[in-house]
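Notes to accompany the following structure.
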Number of protein chains: 2
Amino acid sequence: MGEKGKPEPGSRNAARRTTIYDLAALAEASASAVSAVLNGTWKKRRISERLAERILRVAEEQGYSVNLQASVLRREKSNIVGMIMPKYDNRYFGAIAERFEARARAQGLFPVITCTQRDPELEFEAAREMISYQVECLIATGATDPDRISDFCAAAGVQAINLDLPGGRAPSVVSDNFGGARDLAHLLLERAPHEPLLFIGGRPSDHNTAERIRGFRAAHADRGIPLPESAILACGYAAEKAEAALEARAGALPRGLFVNSTITLEGVVRWLRRQSPPAPVEIGTFDWDPFAALLPDCVGMVEQDVAGMLEEVFRLIGHAPEAGLRIEVPTILRRHL
Amino acid sequence: MGEKGKPEPGSRNAARRTTIYDLAALAEASASAVSAVLNGTWKKRRISERLAERILRVAEEQGYSVNLQASVLRREKSNIVGMIMPKYDNRYFGAIAERFEARARAQGLFPVITCTQRDPELEFEAAREMISYQVECLIATGATDPDRISDFCAAAGVQAINLDLPGGRAPSVVSDNFGGARDLAHLLLERAPHEPLLFIGGRPSDHNTAERIRGFRAAHADRGIPLPESAILACGYAAEKAEAALEARAGALPRGLFVNSTITLEGVVRWLRRQSPPAPVEIGTFDWDPFAALLPDCVGMVEQDVAGMLEEVFRLIGHAPEAGLRIEVPTILRRHL
DNA sequence: CAATCATGCTACATCGATTGAGCACGGTTG
DNA sequence: CAACCGTGCTCAATCGATGTAGCATGATTG
């Protein structure tokens, strides 16, 4: 009766988990019947209501749960969607992770996220591992080298999507960095007209920073305010780098500061705290954080539309759009006071 | 030659991934040899250097990566460690997630985290799913019902560990909430002696809140300061609840505020911003956040020792300690200014 | 020279779930 | 009564990797 020489069911060998063969023996049915009942295909497979109930009862009693490794191996469909993410240490990435999981679950997919510390090697290893787990689709968020991951996925026949940072070899969903930055710069310029702002943080080689600088310039151009080269301090994202850059800067600080990320903002505020007399500034930051929003000088933040971006990502999953596709999602300007 | 009637290797059927059988055909070797070479057991299995190199070259060329479903199924060992986490939206949980992943990888385990939105049903479903993926060990962080998860794991023969919030049915690693709260209360009392503080946030039924209240009381007792019942406003964690509780409170605000979480702090600061004239307060908060630390009134925060806690968790993995074990890890008091 | 041993490799059963093929049985139909 | 159909179920192959058992071959020993 399909016992296959395994230890007697019920012997409760702590090392071995209950399988459909154990349930089959207990319910006096075949493993096929058990499988069909437990995965919901039993009506189609013409199993009687009576047997189905018996099997379900036994499964319940034994606290059975499928071995998904076996199931996935056989079905050749994992329903796993993977995401690679640089860090979990800010609200933006945290929100992406939460939303991604919720959205995946809502359509019956199993989300797996892993964080790669902005380390290109770890990023690649993580991608390889996800592919080994047979993910249906791999989403690379803020990857340092998205194209390498896209190519690797392509070779394995796995769909890849870039989020936040675009790439050329897979479809990308990104914020409208240009528009968001222009709006934020306008907000600051409204409050201190005629004087150019200071842009601080990020790397000019980075796509997102480049787009934000473009938006920053556009806002000044819209208002006919000439922008000296010294108004752009793309000194890296790290808080310490921002502090050092401000320390090294010559001349008076302009009233309006455009800060390129919340992590940069940490350095900016720490530096400002040390000045006496305090510099009268108004700060706008790209990205949103609830506590940063409560800082007295902080007059506005750009919140990225995480829900909207993930909606686009999930629209793409399973639909193999062309690699060059780039979807830009508008950002949300939050004014304080 | 072991082709098993599969489609010709090299036919590049996009739908089918390369397997060891394909590699075996290409390298003119057996699937066993390929497997042994790729998983590193080839020396023990007396495969020649020459064949090993040939196989590795072919594998490289084909961009092969193992099917871990098949591998795990056969080995009956997944090397997956699972973690269930309520949210990703604050620094504490973010740090736990990052550290957990780094620590797991460091010892060759594959970390899988899933966030369950403090929803008991989702928590349980997530645990079931992790067990279906054959995790070696499941860590429940801040679970609403840790014992239910522990029992379920026990039935499946999977090790369970509680983190942050203790349970009775599995070993638990938690912060020393009592000690941390007492130290933070002392810090506030040093600065405004003789007057009792106000405790705000959390639920008294919650283990961590109860311990922190105990520490809060102890600090007052240490200094012989009598504590009225009204000094404890355990109104829930949410920011809105804190705002409402402060609004409803009668009498002048004491100088020292003991805030039970960063999310509660958000509400407290928003309420304070609305008062005029501004209330002269000094705030200490349990949990740490870099921007909250920059708020002008914030004189101290308790940082939980995430690295230390995870060190303890990983010490327990694979060592099946008694279910009642509770490990308390000291917290770190951060004074500002 | 026969017996023994080391070396280098392969055949095949196995992990647990899934699923196409097909068996047995009772009821209809022409 | 034979041919046919529907119902309820089981058999056995399969997914890809692993590892035990074992087969050749050539070298070494008594």
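Throughout, protein chains are lettered first and strands after them, A, B, ... in sequence-line order, and every chain is numbered starting at 1. This one's a predicted model, so the numbers in the text were calculated from it and none came from an experiment.
Nearer to the 5' terminus of DNA chain C, by closest-nucleotide assignment, is the contact made by Ala52(B) (compared with the other of Ala70(B) and Ala52(B)).
For dG16(D), neither phosphate oxygen OP1 nor OP2 lies less than 4.0 angstrom from any side-chain nitrogen or oxygen of Thr19(B). For the OP1/OP2 pair of dT18(C) and a distance below 4.0 Å, the side-chain nitrogens and oxygens of Tyr21(A) include no atom meeting the criterion. Put simply, Arg16(B) has a side-chain N or O that comes within less than 4.0 Å of OP1 or OP2 on dG16(D).
Across its full length, the helix from dC1(C)-dG30(D) to dG30(C)-dC1(D) shows an angle of 60° between the axes of its 5 terminal pairs at either end, rounded to 10 degrees.
Shown here is Arg169(A), whose CZ atom has no more than 12 heavy atoms of other residues, nucleotides or ligands within 6.0 Å.
Electrostatic pairing of Glu312(B) and Arg315(B) counts as a salt bridge here, judged by a charged N lying under 4.0 Å from a carboxylate O. The existence of a salt bridge linking Arg57(B) and Glu53(B) is excluded, since no basic side-chain nitrogen approaches an acidic carboxylate oxygen closer than 4.0 Å.
Per the geometry, CD belonging to Gln69(A) stands 12 Å off C1' belonging to dG16(D), to the nearest Å.
Among the atoms of the strands shown, base atoms are found under 4.0 Å from some heavy atom of Ser35(B). As judged by a 4.0 angstrom heavy-atom cut-off over every strand, Leu51(A) is placed among residues touching the sugar-phosphate backbone only.
Residue pairs meeting the ring-ring contact (aromatic ring centres under 6.0 Å, His included) criterion with at least one member in residues 33-83 of chain A, sequence neighbours excluded, do not occur.
Within residues 39-50 of chain A, the residues approaching DNA chain D are Arg45(A), Arg46(A), Ile47(A), Ser48(A), by heavy-atom distance under 4.0 Å.
Ser32(A) contributes a side-chain N or O that forms a donor-acceptor pair with the base of dT19(C) under 3.5 Å. Donor-acceptor pairing under 3.5 Å, judged by distance alone, is present between the side chain of Arg74(A) and the base of dT14(D).
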